[in-house]
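Worksheet: the structure to be examined is printed underneath.
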Amino acid sequence: MQLIFLSDTHLADDRPFFVSNFHALVAHIADRGAAFVVNGGDVALDGPDNDGHIAHARALHDRLTVPWRAVPGNHDLGNAAAVSGRPPRQPITDARRARWRRHFGEEWWTQEVGGWTLVGINAQLMGSGLPAEEEQWQWLAGALAAADPRPVGLITHRPLFNEGPLQEPTEQGAEGRYLAPEPRRRLLGLIAGSTVRLVASGHAHQFRHTAHDGVDYVWAPSTAFVLPEALQPTLGARDVGFVDIDLATDRPQVAMRRLSTMQQNIITDFPGAYPSLAAAKAVSAAAG
Ligand SMILES: [Fe+2]
Ligand SMILES: [Fe+2]
């Protein structure tokens, strides 16, 4: 039962810097097959402000020859206010959520794959204070109870923690990297009382695989680009690629994959993608 977990595709029709890597992965999946494909979010380059980016990402996902689902990321529908402690430039709103559902379907979902139940959530909602945030929590508690005793793979755009579930992350940029402290504690509480055996996340653009308290935590790399060390500390493998997760047993077997047909893009080589990141690089270069 092979799950292909890919993430952070950052697709756009009018700024198609990362589309060729997605095509390469679609071709690879067509060749070898899989039971299921999940995209861990940031499907689009700038979804909060471009309906066309989300629509284009959806059209490209329709080329996949294997059934698939996706969870939304910050570059799909914006950020919760509480994440950075200051008002986000692109806040998550009900209008942006509706756009996601129009193109990609439900924001939270369950999917049976072999003996497993995958549970996808909208991590961007957590800490937002929108009425839908509590609605999702209630749904999640019910979904985890309903899945028992099947092993559950939880899919969230944001990772939960760096060193471990009880340690507050403090490295450079940590406040924007993980679930905010309060939703993290609440989610860890739900996980502890459930059959969750795998938590798979995107957003970090680095691959990592750790295990805590009987749960495997897997960070997908991006299919699109990595960030340079000046902008993001090394937390795992800084590579473009995707992850194979074998769900044959209730202990997932995890392997990072790279393809020679995918380009190892560095975001600062694409100033047209995220101008603020290119500017940050210029500042860090000036600072030595
Ligand atoms: Fe991303
Ligand atoms: Fe992200």
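Read the numbers this way: they start at 1 and go in the same order the structure lists the ligands and their atoms. Please read all numbers here as calculations on a predicted model, not as lab measurements. Just the heavy atoms: all of them, side chains too, but no hydrogens, waters or symmetry mates, feed the values below.
Distances from the Fe ion (ligand 1) show that H203 has no N/O/S atom below 2.8 Å. At a cut-off of 2.8 Å, H205 is not counted among the residues with an N, O or S atom near the Fe ion (ligand 2).
Although no hydrogens or angles enter the test, the distance criterion places a donor-acceptor pair under 3.5 Å between the side chain of R99 and the main chain of G47. Counting only distance, with no hydrogens or angles, the side chain of D244 and the backbone of I4 share no donor-acceptor pair below 3.5 Å.
Distances from the Fe ion (ligand 1) to each N, O or S atom of D42 single out OD2 as the nearest. The name of the N, O or S atom in D8 nearest to the Fe ion (ligand 1) is OD2. Taking the Fe ion (ligand 1) as reference, H10 places its N/O/S atom NE2 nearest.
Two rings, from H28 and F242, have their centers less than 6.0 Å apart. Residues F17 and F270 bring their aromatic ring centres within 6.0 Å. Residues Y217 and H209 place their aromatic rings such that the two centres sit no closer than 6.0 Å.
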